[in-house]
Amino acid sequence: MTIIDIPAGWPADEAAARALQRELRGRLVLDEPGPEPGTGHVTGLDVAYDDERDLVAAAAVVLDARTLDVVEETTAVGRVSFPYVPGLLAFREIPTVLAALDSLTVDPGLLVCDGYGLAHPRRFGLASHLGVLTGLSSIGVAKNPFTFTYDQPGPDRGDFSPLLADGAEEVGRALRTQSGVKPVFVSVGHRVSLAHACAHTLLLAQRYRIPETTRHADSLCRRALKAALGGGP
DNA sequence: GCGACAG
DNA sequence: ATCTTGTCGC
């Protein structure tokens with residue numbers, strides 16, 4: 001099993017990482033609607049950690065956006081490339097996630113990330129970062145509101161309310177994917193509109209709160225991590 | 001200065 | 001994220 005190395009020139013500290021985010025932020029494209037919901041491919045991405053052994057396993061699972069059938073799955077294992085710092089999550093996951101994406105043989109279509117895109121202290125979260133690096137459309141679907149505020153959306157599936165930064169700027173939406181269940185937090189990553197990002201999320205979360213893409217990727221990266229642990233040391 | 005803080 | 005059994009429910 002190959003273990004992905006941390007790239008040369010990778011940010012050595014928090015200041016360098018923040019500077020890189022501000023630089024890459026300039027390449028973010030926010031004026032495209034993105035792929036039509038329900039068509040083409042959608043790819044779920046997620047990672048699992050073993051801080052003890054300094055390992056991170058990433059999974060990419062491509063689904064048919066219309067049927068939600070699995071089209072292809074890949075994994076990659078790497079060294080943990082950054083400590084967890086709120087606002088710098090991307091630096092912890094990106095090298096290994098990119099390796100998993102690189103080994104796909106089909107078009108990933110829309111990237112669905114476990115975390116945020118525009119809803120970020122510098123408006124450049126994981127989903128935006130991955131979008132810019134790959135050039136692909138991307139969205140972020142997070143399970144927690146991070147530092148943002150929102151009013152409770154209506155009780156029905158599809159109801160939503162704005163996710164606000166500084167109490168005023170809409171950086172995403174609290175979207176109810178299942179009636180009577182806590183909402184998820186959707187934000188635009190790269191080359192997708194917020195309306196489409198929410199439409200994609202609803203199509204991917206017809207049965208559970210979390211999108212099928214993320215659910216598949218979550219279980220796969222956990223299995224990949226266990227496999228790496230069992231067959232490595 | 002202190003607390004909060006995606007995964 | 002991760003540590004973790006049984007349990008309630010479809």
Side-chain angles (χ1 to χ4, degrees), chain A residues 11 14 17-18 20-21 24-25 28 44-61 75-98 100 111-132 138-150 157 162-167 169-175 177-190 194 197 201 206-211 213-226 228-229:
Chain A
E14 298 184 18
R18 292 192 187 92
L20 184 53
Q21 286 182 329
L24 293 175
R25 173 75 170 75
L28 197 56
L45 304 169
D46 197 15
V47 302
Y49 302 99
D50 185 313
D51 287 307
E52 179 79 8
R53 311 200 187 213
D54 193 42
L55 290 178
V56 50
V61 180
T75 61
V77 176
R79 295 296 176 192
V80 173
S81 51
F82 215 83
Y84 174 64
V85 178
L88 299 178
L89 174 66
F91 295 95
R92 196 166 161 74
E93 319 202 332
I94 278 183
T96 313
V97 167
L98 284 181
L111 301 182
V112 180
C113 304
D114 192 7
Y116 281 117
L118 252 196
H120 177 274
R122 287 164 293 285
R123 305 296 179 266
F124 198 73
L126 172 64
S128 296
H129 202 141
L130 276 170
V132 165
S138 65
I139 67 174
V141 181
K143 298 181 283 293
N144 298 295
F146 200 10
T147 62
F148 305 103
T149 59
Y150 65 101
R157 169 178 153 81
L163 186 63
L164 304 172
D166 308 314
E169 180 186 357
E170 182 180 57
V171 293
R173 285 178 183 166
L175 175 66
T177 55
Q178 297 295 316
S179 297
V181 174
K182 172 183 172 166
V184 295
F185 305 90
V186 180
S187 61
V188 161
H190 181 59
L194 182 55
T201 301
Q206 297 179 63
R207 186 160 168 67
Y208 300 98
R209 177 170 87 110
I210 303 300
T213 36
T214 299
R215 288 169 47 79
H216 275 96
D218 179 76
S219 80
L220 180 57
C221 69
R222 292 186 196 223
R223 277 178 276 142
L225 183 61
K226 285 183 180 178
L229 262 41

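Numbers restart at 1 for each chain; the letters A, B, ... are given by sequence-line order, proteins then strands.
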Asker: In this structure, how many angstroms lie between the C1' atom of B/dA6 and the CD1 atom of A/Ile210, rounded?
Answerer: 12 Å
Asker: If every non-hydrogen atom of A/Ala100 is compared with every non-hydrogen atom of A/Thr75, which pair is closest and at what distance?
Answerer: CB-C, 4.2 Å
Asker: Between P on C/dT2 and CZ on A/Arg53, what's the gap in Å once rounded to a whole number?
Answerer: 15 Å
Asker: Is there a stack between A/Phe185 and B/dA6, judged by ring centres under 5.5 Å and planes under 30°?
Answerer: no
Asker: Examine B/dG7: is either OP1 or OP2 under 4.0 Å from a nitrogen or oxygen in the side chain of A/Tyr49? Give yes or no.
Answerer: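 A/Tyr49 to B/dG7 OP1/OP2: no side-chain N or O under 4.0 Å.
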Asker: Using a heavy-atom cut-off of under 4.0 Å over every strand shown, decide if A/Ala119 touches base, sugar-phosphate, or nothing.
Answerer: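 Counting heavy atoms under 4.0 Å across all strands, no contact is made by A/Ala119.
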Asker: My validator wants the stems of DNA chain C: runs of 3 or more consecutive Watson-Crick or G-U pairs, both distances under 3.5 Å, written as range with range.
Answerer: none
Asker: Please tell me which of the listed nucleotides, C/dT2, B/dG7, B/dA6, lies nearest to the side chain of A/Asp114?
Answerer: B/dG7
Asker: Mind checking A/Gly140 for me? I need base, sugar-phosphate or nothing, with any heavy atom below 4.0 Å counting as a touch.
Answerer: nothing
Asker: OP1, OP2 of C/dA1 versus side-chain N and O of A/Arg222: anything below 4.0 Å?
Answerer: yes
Asker: Are a donor atom and an acceptor atom from the side chains of A/Ser219 and A/Arg223 found within less than 3.5 Å of each other?
Answerer: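 A pair is found: one side chain offers a donor N or O, the other an acceptor, under 3.5 Å apart.
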Asker: Is a side-chain donor or acceptor of A/Gln21 paired with a backbone partner of A/Gly87 at a separation under 3.5 angstrom?
Answerer: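 Pair found, side chain donor or acceptor close to backbone of A/Gly87.
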Asker: Just the rounded figure in Å: distance from C1' of B/dC5 to OH of A/Tyr150.
Answerer: 15 Å
Asker: So, A/Ser138 side chain and A/Leu111 main chain: donor-acceptor pair closer than 3.5 Å or not?
Answerer: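 Checking the backbone N and O of A/Leu111 against the side chain of A/Ser138, no donor-acceptor pair under 3.5 Å is found.
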Asker: Contact between A/Leu88 and A/Arg122 at the side-chain level, heavy atoms closer than 4.5 Å - yes or no?
Answerer: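 They are in side-chain contact.
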Asker: Take atom CZ of A/Phe91 and atom C1' of C/dA1, then tell me their distance rounded to the nearest Å.
Answerer: 19 Å
Asker: So, does A/Lys143 get its side chain near the phosphate of B/dG7, meaning an N or O under 4.0 Å from OP1 or OP2?
Answerer: yes
Asker: Considering only NZ, NE, NH1 and NH2 on the basic side and carboxylate oxygens on the acidic side, decide whether A/Asp114 and A/Lys143 come within less than 4.0 Å.
Answerer: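 Salt bridge flag = yes for A/Lys143 with A/Asp114.
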Asker: Tell me whether the rings of A/Phe185 and A/Tyr150 are parallel (<30°), tilted (30 to 60°) or perpendicular (>60°).
Answerer: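 Rings of A/Phe185 and A/Tyr150: perpendicular, as their planes differ by over 60°.
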Asker: Both distances under 3.5 Å, Watson-Crick or G-U wobble: on that basis, could you give the dot-bracket string for DNA chain B, with [ ] for crossing pairs and | for other-strand partners?
Answerer: .......
Asker: For B/dG7, does OP1 or OP2 lie under 4.0 Å from any side-chain N or O of A/Asn144?
Answerer: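 Result: yes.
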Asker: Short question: side chain of A/Thr96, backbone of A/Ala76 - any donor-acceptor pair under 3.5 Å?
Answerer: no
Asker: Give the nucleotide from the list C/dT2, B/dG7, B/dA6 with an atom nearest to the side chain of A/Leu126.
Answerer: B/dA6
Asker: Tell me whether A/Arg157 contacts the main-chain N or O of A/Ser179 through its side chain, where contact means a donor paired with an acceptor under 3.5 Å.
Answerer: no
Asker: Would you indicate what A/Leu163 reaches in the nucleic acid, counting non-hydrogen atoms under 4.0 angstrom: base, sugar-phosphate, or nothing?
Answerer: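 It contacts nothing in the nucleic acid.
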Asker: Report the distance from atom CG of A/Asp166 to atom P of B/dC5, rounded to the nearest whole Å.
Answerer: 16 Å
Asker: When you measure from the side chain of A/Arg209 to the backbone N and O of A/Pro183, does any donor-acceptor pair fall under 3.5 Å?
Answerer: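 Yes, because the side chain of A/Arg209 sits within donor-acceptor range (under 3.5 Å) of the backbone of A/Pro183.
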